[in-house]
J.: 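The structure follows.
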Amino acid sequence: MIRILVLLASLLVAGCAVSQPASAPAPVPSAPASPERPRNVILMIADGFGPASATLGAAAKGAPLAFDSLLVGSVETSATDSRVTDSAAGATAYACGLKTYNGAIGMDADRQPCRTVLEAAEARGMATGLVATSRITHATPASFAAHVALRAEEAEIASQLAASDVDVLFGGGRTFFADLLGPMAEAAWHVATDRAGFDALDRLPAAALLADDHLAYEIDRDETAQPSLAEMTTRALDLLAASSDARANGFFLMIEGSRVDHAGHGNDPAAHLGDILAYDAAVAAALAWAAADGATLVVSTADHETGGMTLGRDGVYQWDPAPLLATTASHDVILSRAEAASDPAEVVRLALGLDVLPEGAADALRAAQATPAAFRLLVRDLQSVPAGVAWTTSGHTAVDVGLYAFGPGAALFHGRMGNDAVGQALFEVLGL
Ligand SMILES: [Mg+2]
Ligand SMILES: [Zn+2]
């Protein structure tokens, strides 16, 4: 709707220019209309979400994803030292508007700290937040509010986050905050370490550290123990919007569907799908909030693709999400159950929702019970082959990822953009 109005307005302007009387000076070509300025920006990142992830998600959902109609372009994701980025360089490109080396957290290619869009927003008096389903110290959220040379320095990242002016920190990674919770409480943080505490959060600054490590994959999540990404999104938006900083100056919020990536690394198609649909629900919540607000830009993208997942394999012209929808656990959970089970094949049969395993599979699973890597490959193929899903790597790939935008300022995001240009557009749209 907004884009249609902009289009109509530009057509009207063009019409006026054409109808000017002949005696008037020739019209000076006008500079491009300054983009509409959003009051708030919600940046959503589905880590490791490639083009096939979008196809898989919509097919399994049986309906368009919440952001399908908002596709405006694609993102070229390379780092300075490799055509295949990692999540640290990918997130820093969005956070600082520059390309950097793999492993960099808020650092430029010369290993100097770079100012992030979140920090610039804070300096202008905006409220800010980071929400993730990984450890909150993990590369993607860390790159917006911490500066370390290498992503593995997560204890240092935790210290920097605890000392930062970020108003909302929701995710996992409790282990890294064990010695910081006291100082954070003294510094006026409201800290939740479990679901009940999360539900009770009502003031900023608010930190919810809801697992020692990453939060659970959506397919494994116990909703009494951990909120969904959509629930964390809604809670973050409500807390931020009610703050005096946001009322005066707006807010910047980064929300990450972190574990889409982890499932890609594991070549775990059902866990990948579960986290794609959880991310979709979170985007739907953010879009509903933004549509009601009317002054909020929502940008959704990924930092890179993970797993090299394809739909269609082995010369067969078909694929089917049904085997993935029938699965009820991630490979991690299947493996942990199988290691302790008297019959690991039965664990797999039940988790994959199969009446019977294919011939030979049960014996192979039993033989691999004590070798996790081999066991995972067997489970992967028991799911992926009937689904027509294939994988090319346990790492990242360099294929472009989708770019989606909604709301005031969305026009700045279009075409094929470098990940650094997307970051620059975030600064520009906020006038930072
Ligand atoms: Mg990430
Ligand atoms: Zn990854």
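Here, residue 1 is the first one in the sequence, and each next residue gets the next number. One-based numbering, in listed order, for ligands and for the atoms of each.
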J.: Taking backbone and side chain together, does Ser258 place any N/O/S atom at a distance below 2.8 Å from the Mg ion (ligand 1)?
T.: no

J.: Taking the side chain as C-beta and beyond, is there a heavy-atom pair between Met44 and Met254 under 4.5 Å?
T.: no

J.: For the pair His396 and His265, name the ring-plane relationship: parallel under 30°, tilted 30 to 60°, perpendicular over 60°.
T.: tilted

J.: Can you tell if the side chain of Leu253 reaches within under 4.5 Å of the side chain of Leu43, non-hydrogen atoms only?
T.: no

J.: Between Asp261 and Thr306, does any side-chain donor sit less than 3.5 Å from a side-chain acceptor?
T.: yes

J.: Establish, for the pair Arg111 and Tyr101, whether the NZ or CZ atom is under 6.0 angstrom from the six-membered ring centre and no further than 45 degrees off its axis.
T.: yes

J.: Any N/O/S atom, side chain or main chain, of Asp261 closer to the Mg ion (ligand 1) than 2.8 Å?
T.: no

J.: Less than 4.0 Å between a side-chain N and a carboxylate O, is that true for Asp363 and Arg366?
T.: yes

J.: Please give me the protein atoms (N, O or S only) lying under 2.8 Å from the Zn ion (ligand 2), ordered by chain and number.
T.: Asp261 OD1, Asp261 OD2, His265 NE2, His396 NE2

J.: Hey, can you tell me if Tyr279 and Phe49 have their rings parallel, tilted or perpendicular (30° and 60° cut-offs)?
T.: tilted

J.: Of all the N, O or S atoms in Glu256, which has the shortest distance to the Mg ion (ligand 1)?
T.: OE2

J.: Considering just N/O/S atoms, say which atom of Asp47 is closest to the Mg ion (ligand 1).
T.: OD2

J.: Do any N/O/S atoms of Asp303 come under 2.8 Å of the Mg ion (ligand 1)?
T.: no

J.: Are Arg259 and Asp275 close enough for a salt bridge, meaning some N to O gap below 4.0 Å?
T.: no

